[in-house]
Every structure is written in structure tokens, then in C-alpha cells.
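Just so it is clear: chains get the letters A, B, ... in the order the sequence lines come, proteins before strands, and each one is counted from 1.
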Amino acid sequence: MFYYSVKRVLMLIPVLLGMTLIVFAIIHAIPGNPALTILGTKASPEAVRQLNQSLGLDNPWYVQYFSYLKDILTGDLGTSIQTHSPIASEIWPHLAATIELSFVAMIIAIVVGINAGIISAWKQNSVFDYTAMILALIGVSMPVFWLGLLEQWGFSIELGWLPSIGRDDIRNGVDPITNLYLIDTLLRGRLDQFWMVIRHMILPSIALATIPTAIIARMTRSSMLEVLKSDYIRTAKAKGQRMVWIVYKYALKNAFIPILTVIGLQTGLLLGGAILTETIFGWPGVGLYIYNAIQYRDYPVIQSGILIIAFIFVMVNFIVDLLYGLIDPRIKYK
Amino acid sequence: MPQTAQVHVETHAVKERSPFVNAIREFWKSYRKNKPALFGTSIILVFILLAIFANFIAPQGINDQNIGNKLQAPSAAHWFGTDDFGRDIFSRILFGARLSLRVGFLSVIGSIVVGTLLGILAGYFGKVLDVIISRLFDILLAFPSILLSIAIVAILGPSLNNALVAIAIVNVPVFGRLVRSRVLTVKEEEYVVAARSIGMGDMRIIFHHILPNSIAPIIVQGTLNIATAILDAAGLGFLGMGAEAPLPEWGKMLSDSREYIQNAPWTVLFPGLAIVLVVVGFNLIGDGLRDALDPRMKN
Amino acid sequence: MSESLLHVENLKKYYPITGGKFGRVSETVRAVDGVSFSVREGETLGIVGESGCGKSTTGRMIMRLIEPTEGKIVFQNRDLMNLSKKEMRKARKDIQMIFQDPFASLNPRHTVEHIIEEPMIVHHIGDRKQRKARVEELLELVGLSSYHAKRYPHQFSGGQRQRIGIARALAVRPKVIIADEPVSALDVSVQSQVLNLLKDLQEKFHLTYIFIAHDLSVVRHISDRVGVMYLGKLVELSESEQLYDDPKHPYTKALLSSVPVPNPNVQTERMILQGDVPSPAHPPAGCSFHDRCPFAMDICSKERPHLKKLEDGRLVSCHLYD
């Protein structure tokens, strides 16, 4: 297990390096003069020269790349063109918002997806199964941003049940400590605000959870079907154990590995989907941060935003891989 | 080998039909029974026809503006209503089908060609090349797909064609890994060893023996990827990293009309519905192909 | 004794097992460990051994389908090991192979005609018309009919498919054919037909065979000489008659005693081996057969025996004959 982990860490290095190289290219592969692209063609030569210098654009690319790497390693993510403040300090509240939203969406996806999948497999070909699978099919085919718009229209505009924008009410803003508002409101003992934060979270987290829920449900169903056909399940049935018990205890345990894989992969979908969801719901996460940067052509922010999200994705998959090793001892001998 | 006797009896009875024709027959026999797949096929056929004949079907051109007629509710004259420029949404959706289908098909074809090439290089020739290519795939797969597309579009500049290229690049490792693993399997088949034993060169082995035996999973994955490619293209359009105004790209149409959702929900409803239908269609076909061509691929 | 056409010297194939700590080579499997023999023109050399003894690997190494770790393969006075990849491909025209599994070794998507024609295409022999004619000729030659040409492998029985494999091997008029257990996947009733076909073809075209089998009884009828392999090494090599009448190596004796005898009244001396074939990753020290050998002596576990020529010209690798 130890060597497996070390090996896995070593495999991480080229991936992380390659990632930084691609992200680095975002600024440096722009044809023509990046400074002009960033500042617009009407920029004064003085401004262009300054930007060139501050970005180190006069040096050959590999020198620039290494200084970029050095910057990242020392926690320097560059400066936003729009706000002129360091991205590293700007990005944390956004990151916290994204993590909070993705985490809640993931919980929804796992709980709903796994249960729907289990029941579908258990009651194969029942009305429940058909309905669930049709919903799952539509779910995987749904553009997140369209679903989000429909939710806003239905539940905020028409019915007025839930807020459609932001993490909190503008006039009743949460006083951040960790920037994870669910935790902050509790720390401050503001249950009213806690409830407010939850109400803000419902629509975006459902939109974000839709595709992963659908995929996890389909995956769980097919691996459960396979396991339910196996001999030891038949044995357990023959011994007269209750079906609910068999399904949740024995079968789920063995269907867990493929499901874990999917959950690992879904993190990517969640983080990717976050940029669309956050745009629609004005959720001030990294996604919205990147979206605004796109509109403003704030390339350093686009760069760092993508880098941070990709880094989280890689780390989640790394942890999932380590979990495999823990759960299934066969894997490390692969 | 009891099987031998059986085959022997059949030898004279069976017509000399190629396994290709046989495979298609077999495939059709099982595909025909798959109602969802047939449903998906018909959706896509309808959309393809609509896209081809958009010029004849559409009541208006894509950019026929009529401000006095803006944000009209669906009616006999405008089945899906009009948008904020008074353009007929139904017509724009028809022409949008061309864009989405084009992005879907072309980007997937691109990914398949490049992915297959890299997959063969990695799987057949192995060693250093395999390590390099596999690491490259790892790196590309380390990004959530839409973010990588955004990064690539940021490099290339926003346009529908660049979005297409970005989506194609993002999907290369999907096919690359698939082909690599197929090549590794087929390479060990005895008829490939036999091919080497008669003195056959690598290229001929790859094109005559390995590729034809890897096609089924590529087709299945390709169909499913058309669905995600269309979704991603719409997402990029929505974010302003894809199609530019006034192109009637469905994602772009959505983002342009989101502010009118309260007074004119049809401006948002129909483009989204079009996306969902096409994506459902390709997903159903993909699932059906998988069941018919290769039941083992189910996971 | 006619001259040797193919000569193999000290052929080795080691497979490193990576794994454990950081993919370091933790052990080595010695699939083939120093095999030498020569084949005379027009003869059949049988190679026999249990599965995993390295006989198929040896066969494939002669064609460099598996790259030998070490050794010499001299064919017509030329060391095949010195050939470039391209030259080696050309050289395969003279050495062809027949495979064990007549189904797996034929591409299910190609017609019989295509399968038999392909070697000729690869080696640029004849034009299209000549090749088609040759395919028909070959089909007749192996006992099939020209109307079979347009069919696909799945439309044939195992025996017929093996005939197709033989026709493919003959297509480029090779000098040597390596037959890798060509009949072991076939029904017993079909086996002798295919063996007889191989014999006829050998006479007709003056072919040289290396005939690999796991079963001494199959080899008996077709081989002029027989080599017995155990754990990657040749333990005995002699003329067929001698080997069957008076086996020298204890392992050969054991193998022979396990061949069923048609007459139940004949009392044979049964010799049943103890234990299993050891892993080629951890062969026993000394003679690799000593832990299963009923005649093992002290020296056997210490010193590795070498292949020695006995007075009657046969080669045996056993301390009993020191």
C-alpha cells in the first residue's frame, strides 16, 4: 500500500507539470502581442511596454515558464488586470463558494443517484425503474445552464419561492470567517442566516447535481444488476435474509468500486459545470470569477482560475485512487 | 470439440455470405428490437432533415429582423415566437441545427482520427512512445472538459470553429485510450501473430487486421461523444467562448435571451428543448449501438 | 547425413518481472534457457514438452516473432539475429508457421482466398491473376476445393481451418515450416488426416519441419528426430526410433510411460512423476528436474548437467550418464 501510494504520487508530477504548461500557454500562445490582446489595440505603447515587463514577456518562453512555475510554487498567482489586486488573495472567497456548492451538489448526487440506482436494479423493469431511467437519460442530456434558467423562471420568478441570485441577501450579508457560509453562519450563531444560505443554495445545487445524479444512478443500477445475479446473493436470499438488508449490505459493498470511479470522474463534471451554474445563479465562485474574466479578457485570472480547478480535480482523483488501494487490495498489484 | 461437428454440418448449407453482411444483419436484428434506440434514431434523422432543408422549411431567414415585432409569443405566424430583435425563433433553431450537428460530427471525427492515430502509436509500438502519449492523455484528462475547452478557446480566440477544434482536442484522449487498449488486446490475437509470421509489415497489420477489429467500440463511443460535444459547444456558446452573434447557435441563443425569460420564456424554452432532444437522440443511439454491437462494453 | 539447414545455438528468452518497489526488476522468468539444436534439410524435428516448457517460445523465436534475449539462429549460413527488422520480414518467406488454434489464427473478417493470398501480396509474388490461380491450386493441394475460396473461416470445421492455415504457410514456397502443435486442438479422428497431409506435403515439396507438440504419441509418426524440453532446456535429443525404444533421460521415460498403449494386455512399467512443474522464475538449483526425478543423486541438486553426446550419437542432459 505504501509503495502504491508513492508510485501514485510520482505519477502525479508529470500531470501537474503538463497542466501548468497548458495553462501557461493561455497567455503565451496568443498570436501576436499578448499585451496588445490583453489591453486592446488602442492601448498606449507605454502601457504595452509596462505590461510586457510586468508579465516578463520579453524573455524567451522557457525562462518565462520557469519563472511562472516558481511563482506558482511560492503561491503567487499573478495580478488581475481588472482589479490590480493579487489573484491569490482574491480567489479564496470564490474558491470557498465553489467548494461549498460542489460539495452540496455531490452529496445530493451521491444520495439520490445511488438510492435511485439501487431501487431501479432491485425492482428491475418496474414503473419506478422505467421512470428513473428515463429521468436519468434526460438528466445526462440536459444542458446545465438551461436547467438553471428554467429553475429560476419557475421557482423564483413565477412562484417566488426561492432566491435566484447569489449566496446571501444583499441587505443581510453573511459576515465571512472561513467563507464557507454554511459554517460561518453557524459559527456566528445566526440560524436565520443559515436558513437563508440554504435557501440560496437549493436551486444552483440541484442544477449542478443533475448530470452527476443521472450518471451515478445509471452506473449504480448496472453494477447492482450484475452483483444481484451473483451466487452469493442467491445464497443470502436462500438463507432467508431480508432483501433490503441484502441489497444495502452485501450488494452495495461489491458494487462500490465502479461507483467510486464514477464519483471520482463526476468531480470533474461538477467543477466544470460549476462555471455554467455559477454564471446563471450569480454564485460568486471560481466559475463566475472566470466567466467575468472572460468578458473582460483578464487572462491572468482565466489562467489561475482554470489552474486551481484542474488542480482540485487532479487531487480528488488522486484521493479516489488511494481509496481504491484501501478498499480493494487487488488493485495495487496491477 | 462438439462445436466442430456442428460447423461441419453447416458448411454446405450456409450461403457464402460475408461476416460483414452477417454482422450487419445480426446488428440490425437486435437493434430493431431496441425501441429507445429507434426513437433516438428517428429524432436525429428528423433533425438532420430539418438542418439540410432549413432553407425550404424555415418561414424566415436567420437574421430577418423586425423590431416592431419583437418578443412575440408563439403563434401561427411564429411557431416558437420571436426574439428581442423580432427574429423568428423556429427558423433560427432550424439553422442552429446545422451548426450543432456540424460541431458534433466534425469534432468527433477529428477526435477519432487523431485519437486513433495516437492510440495505435502508443499501443502497437509501445515503449517510450507509449509513455509519452499516455502521459499526454493523463494531462488532458486532468482538466474538467469544459475548462480545457475554455483554455484552448482562450488561446485560439473565441469563435464557433475554434470551439469545435477545442472540443475535438479535449476528446482525443477518450478515443486514444480506447484504441490503445483495443490494439493491446488485438495485438495478442493469434491471427496477428500469424500475420507477422508470414512477414507482414506493421502498417499492413494495423490497417488490415487491427483497425477493422477495433471499429465497433469506436463507433459506440463516437456516437455518445457527439452528444457531449453538442452540449459542450452550447455551453461554450453560452459563456461567450463559442459561436458569435448573430449566429443562431442554440447555446448562444439561450445566453442572449436569458434576460427576457420573465416576459418571453419561449425565447429560452425552445433553444434548450432543441439541445435536449438532439442530445437525448444521440445518447439513445449510442446506448443502442453498444447493446447491439458489444454487450461487454456496458460499463 | 545431409547438411544442416537451420541451426540454433544457445537460444535464451528471459522475461523480467517488474513490480514491487518502483517497478524494479524483481525476478526473471527463464522461459527458454540455452537451447541448441540443428535441423537437417528435409527432416522433421519434433520438440516435445509439457505446457510452459518453452517449446512454443522456441518456435516463435526462430522466426523472431519473439525477440530472443540471446543466441544464434543460423539459417542457410546466415545468422538471422543480425538481420534488420525489414530483412527479417523478407527472411520469413522461407520459414513459415502453422499455429495451434485454427480458429484464432485466421482473421474472422477475411475470406479464405484473402487469407491464403496475403503472404503472396506481402512478398510481392505474382500478379493478381497468378495469385488467384495459386490460391486455387493450394486449396486443392491441402484437400479443399477451389469453391471454398470465397468463404470465411467460421464456415469451416476445425480440421478444414487447419488445412487453410497449412495452405497459407505453403503459399510462398517456404523451405522450413514450424508447426506449433498443429493438431492438438483437433478431434482425434481429424488429427491423423492432418498429420498425413503434412507428411505428403513434405515429400512433395521437400519441406523441413519443426514439429512442436506436448504429446509424444503425435510426434512419433512424423518425426525423424525428437527433442524433449523441460523448464526451458533441452534434456534429450535423439533419433525417433531410439528415443521411443530406449529413452535415456528420466523425464523422457516418464513422458513415454504416460502414453497410452493400444493393447491392454501389455504390461508397461508406469512411472508417475511427483509434484508439479516448478515455476520457471524459481527453477531448482542444479538439474532443474532433480526434485521430481526418481533417480536423483546428490550431485543433481548441486550441479547443472549439460547436454552430452552418448556413444550412439544421442544427446542427453543427465548426471546418470556422466
Side-chain angles (χ1 to χ4, degrees), chain B residues 1-27 124-128 130-131 134 182 185-216 293-294, chain C residues 59-60 63-66 85-86 88-112 114-116 118-123 147-161 165 168-169 171-172 174 178 180 185-187 189-190:
Chain B
M1 261 185 24
Q3 195 190 341
T4 315
Q6 219 181 343
V7 175
H8 195 71
V9 177
E10 278 176 33
T11 309
H12 292 281
V14 173
K15 278 237 187 81
E16 284 151 36
R17 201 191 285 146
S18 82
F20 184 67
V21 174
N22 267 337
I24 289 187
R25 255 165 217 261
E26 285 286 300
F27 160 74
Y124 192 84
F125 297 103
K127 299 193 180 132
V128 187
D130 188 19
V131 174
S134 297
R182 281 301 296 169
T185 318
V186 178
K187 201 167 90 169
E188 299 306 315
E189 297 275 356
E190 203 154 50
Y191 58 78
V192 173
V193 180
R196 289 173 60 209
S197 83
I198 63 173
M200 200 181 286
D202 292 329
M203 284 303 135
R204 193 177 165 91
I205 290 178
I206 288 169
F207 285 102
H208 283 246
H209 293 277
I210 292 186
L211 272 188
N213 285 296
S214 315
I215 273 176
L293 289 176
D294 191 0
Chain C
R60 287 175 189 213
M63 301 193 69
R64 283 179 62 196
L65 290 174
I66 295 175
K85 230 184 139 183
K86 205 172 158 195
M88 188 60 222
R89 282 216 306 273
K90 283 198 186 131
R92 287 187 188 136
K93 178 174 169 296
D94 290 327
I95 310 175
Q96 290 279 301
M97 197 156 182
I98 301 170
F99 292 87
Q100 172 177 9
D101 186 335
F103 196 70
S105 59
L106 306 177
N107 190 332
R109 289 167 190 272
H110 290 174
T111 58
V112 168
H114 187 133
I115 291 170
I116 301 176
E118 206 160 27
M120 293 185 270
I121 300 175
V122 167
H123 293 288
Y147 68 82
H148 285 128
K150 297 287 179 206
R151 293 191 181 173
Y152 287 85
H154 72 270
Q155 293 167 305
F156 292 91
S157 69
Q160 289 175 314
R161 285 194 290 248
R168 167 172 64 187
V172 289
I178 299 170
D180 187 0
L186 304 179
D187 290 355
S189 59
V190 186

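- In terms of heavy-atom pairs under 4.5 Å with chain C, the best-connected choice from B/P212, B/G201, B/S197, B/A194 is B/S197.
- Taking 4.5 Å as the limit, every side-chain heavy atom of C/V112 sits out of range of all side-chain heavy atoms of C/K150.
- The side-chain contact (heavy atoms from CB on, under 4.5 Å) check on B/H208 picks up B/R204, C/H110, C/H114, C/E118, with sequence neighbours excluded.
- Interface remark: C/L65 contributes backbone and side-chain atoms alike to the contact with chain B (heavy atom separation under 4.5 Å).
- Using a 4.5 Å cut-off between heavy atoms, C/R60 contacts chain B through its side chain alone, with no backbone atom that close.
- Annotation: maximal heavy-atom pairing with chain B below 4.5 Å, among C/M63, C/Q96, C/M97, occurs at C/Q96.
- With a 4.5 Å cut-off on side-chain heavy atoms, B/D202 and B/F125 count as touching.
- For the set C/N107, C/V122, C/I98, the count of heavy-atom pairs under 4.5 angstrom toward chain B peaks at C/N107.
- Heavy-atom distances place the side chain of C/K85, and not its backbone, under 4.5 Å from chain B.
- Side-chain contact check for C/I95 versus C/P174: every heavy-atom pair is 4.5 Å or farther apart.
- Shown here are the salt bridge (Lys or Arg N to Asp or Glu O under 4.0 Å) partners of B/E189, two or more places apart in sequence or in another chain: there are none.
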